[in-house]
Protein chains: 2
Amino acid sequence: MATLKDVAVLAGVSVKTVSNVVNGYAFVKPENRRRVEDALSATGYRPHLGARNLRRGRTGFLAFVVPELSIPYFGELAGGVIAAAQPFDWSVLIEQTQGDRERERATLASLGPHLVDGALVSPQAIDAADLARPGVPVVLLGEHPLALPLDHVGIDNVRAAHTAVRHLVELGRRRIAVVGQHPTRGTAAQRLAGYHRALAEAGLPRDEALVAEALRYHHRDGAEAMSVLLDLAEPPDAVFCFNDMLAQGAIRTAVDRGLRVPDDLAVVGFDNAEHSAFSVPSLTTVAPDKAALARAAVELVHRRTTGADFPPREVRIPFTLQVRESTAGPSRPT
Amino acid sequence: MATLKDVAVLAGVSVKTVSNVVNGYAFVKPENRRRVEDALSATGYRPHLGARNLRRGRTGFLAFVVPELSIPYFGELAGGVIAAAQPFDWSVLIEQTQGDRERERATLASLGPHLVDGALVSPQAIDAADLARPGVPVVLLGEHPLALPLDHVGIDNVRAAHTAVRHLVELGRRRIAVVGQHPTRGTAAQRLAGYHRALAEAGLPRDEALVAEALRYHHRDGAEAMSVLLDLAEPPDAVFCFNDMLAQGAIRTAVDRGLRVPDDLAVVGFDNAEHSAFSVPSLTTVAPDKAALARAAVELVHRRTTGADFPPREVRIPFTLQVRESTAGPSRPT
DNA sequence: GTGAAAGCGCTAACAG
DNA sequence: CTGTTAGCGCTTTCAC
């Protein structure tokens, strides 16, 4: 590979001049500029980003820490983050933690300024003590487990859950269950709060038996939780699941037991995975604006990396409730 | 951040000695080793990977070039690649091309040895002329568009398609359609060949009207293609889709038209997305061993980066046909 | 065993 | 406007 020096020798100028041309510095003698440009294309020169960044004191990388890329929501979000980071000349480094607290801790700890300029984190299991700042700006994306003074970009989870459950109430459902309660996940607590608020407003009693836990938020977890709920003496007539995979798993269990969705059981999900618009039945779900989420998070962490100093920001991204067949649809022909 | 030099000064030794300790060089005087280790933990030293790699002449990065991370198949694959790259101390750089030929070309061209040590590529639209080697080892993953002498890791697409279609034949289906034909995608041609072979073996006629194109392989494309197929004078009684999203979209259209799956229309997909085991009906699909795919590809590109010289390798990863409700299930109660 | 010094490819002072 | 030089943080000869 050609280096700056090679180009300089070929063009008969100094490295500085070549560097000036490469970096678009305006004041270069036209004659020299031409010769440099010729040499540039003759050698097929490409700057060594590592060396440039070493010199500039930046790394050129942004970390995106997620539980698993195989969860469609994070896949979609990651795509958005990569796209949003491009204008800032950032390459995105994706780190998977499997939602494991120890790995989240280790990952965060390893994220020094040597490796990345900043980080976007969707923490699952981590708690306050673990979030010792890794020395680079961190913006929490989606999850915000703690009342910590950290930048956060997300939707209003309490309000979103409230909207979802109120929708079920308005459809006349009385025994509304929830799937996805989680011991440490901050958004789970917030969504549960929104659920409780909606119940209270509707004058419906709380029933702890209707709150089902899920640890991994995959289809299987939703299916299993639903199974337990349907075994109750008084099974629910509706269920609000904390993500779409849980919801699809829940629907699967309901159908296996011969229930009709939404007639016997109405189901609401969360995240609006692409699939949910096409499933049978299609899934009513809370739809955050994922592209806006990614963009806002990248922009915020960028401002931090420029040294901007302001109090921790809480950025709220809009969401909508996508009403589909799993709550409002025609009962499917049999 | 502490540098090697800082540590050296604190420990009262030279940089070299510190470097030796950090890199696990055996012969360091115990006394010095202790002092260095103390200084190391006192300063919280972490090596600057960029600088190390600059010096070592490697980048520490592996590129993974995909159309879109929001496609669950690529999300799952990316997760596997990240995991498989870890043992080689590689961070994975994911590049999205949106399946666009120009962006694929540009991405490949930008992948110099300055940026990454190697690349894994799932090319969608690119053709021979564009695959001018970017100067680093490239391994094709999944797709292999051309009869080019390049390393390739994938499943036997002809055989996989043949297996899928034979399954439909054995169920007694006679008008078997295909969704996902594509002008440049190599795997599409291979899957079509497998389809034709299975038809021929069964003594079924070819009918060009039963071959539907799809450009983006999302749900919507499958839904639209299915719609056209169902409008035929003689609509199909089975359809083989080139990925699971197309298949789910096709099912959606069938259901919307009041057809029963699998009774009126049997559907087979490709990729075995996690979702397909839980959808209603669950989807019969070709299931490649994705973890093995990722592992084999990473290992192969690693061997290339060590300078190993051997003729282009073709690595075949096993697959299975997951038979589920969309072909063999009970007709769903109505 | 360890120190001094060179240099990976690049940019930023600083002269000129 | 352009050349020279130092140095980002690290590893690696090469002496000692």
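Throughout, a chain's letter reflects where its sequence line sits, starting with A, and its residues are numbered from 1.
Per the geometry, CG belonging to A:Asn53 stands 16 Å off C1' belonging to D:dG7, to the nearest Å. The NZ atom of A:Lys5 sits 13 Å away from the P atom of D:dT5 (whole-angstrom rounding). The nearest whole Å value for the distance from the CG atom in B:Leu49 to the P atom in D:dG9 is 14 Å. Atoms CZ (B:Arg46) and C1' (D:dC10) sit 16 Å apart, rounded to a whole Å. Between B:Leu115 atom CG and C:dG9 atom C1' the separation is 14 Å, expressed in whole Å. Counting to the nearest Å, the C1' atom of D:dG9 and the NE2 atom of A:His48 are 14 Å from each other.
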In B/S/- notation, 5' to 3', how is nucleotides 11-16 of chain D contacted by protein heavy atoms closer than 4.0 Å?
BBB---
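When the nucleotides C:dT2, C:dG9, D:dG3 are ranked by their closest atom to the side chain of B:Leu54, C:dG9 comes out on top. For B:Ala51, the side-chain atoms get nearest to D:dC10 when compared with the rest of C:dC10, C:dG1, D:dC10.
Using a 4.5 Å heavy-atom threshold, the side chains of A:Leu62 and A:His302 count as separate. A heavy-atom distance below 4.5 Å is not found between the side chains of B:His152 and B:Val139. Side-chain contact between B:Val18 and B:Tyr45: absent, with no pair of heavy atoms (C-beta onward) separated by less than 4.5 Å. Residues A:Leu77 and A:Lys290 have side chains in contact (heavy-atom distance under 4.5 Å, counting atoms from C-beta outward). No side-chain heavy atom of A:Ile94 sits under 4.5 Å from any side-chain heavy atom of B:Val92. A:Val28 has its side chain out of reach of A:Val36: every pair of non-hydrogen atoms, C-beta onward, lies at least 4.5 Å apart.
OP1 or OP2 of C:dG3 lies within a sub-4.0 Å distance of a side-chain N or O belonging to B:Ser14. A sub-4.0 Å separation between OP1 or OP2 of C:dG3 and a side-chain N or O of B:Thr17 is present. OP1 or OP2 of D:dT2 sits under 4.0 Å from a side-chain N or O of A:Asn32.
Within residues 37-44 of chain A, no residue approaches DNA chain D, by heavy-atom distance under 4.0 Å.
The pair B:Arg105-B:Glu102 counts as a salt bridge, with a side-chain nitrogen and a carboxylate oxygen less than 4.0 angstrom apart. Ion pairing between a basic and an acidic side chain is recognised when a charged N comes within 4.0 Å of a carboxylate O; A:Glu68 and A:Arg216 show such pairing.
Inspection of the B:Asn53 and B:Thr59 side chains reveals no N or O donor paired with an N or O acceptor under 3.5 Å.
Taken over five-pair windows at either terminus, the axes of the helix from C:dG1-D:dC16 to C:dG16-D:dC1 are inclined to one another by 40° (rounded to 10 degrees).
Closest heavy-atom contact between B:Ala294 and B:Gly80: CB-C, 3.5 Å.
B:Tyr217 has its ring centre no less than 6.0 Å from the ring centre of B:Tyr73.
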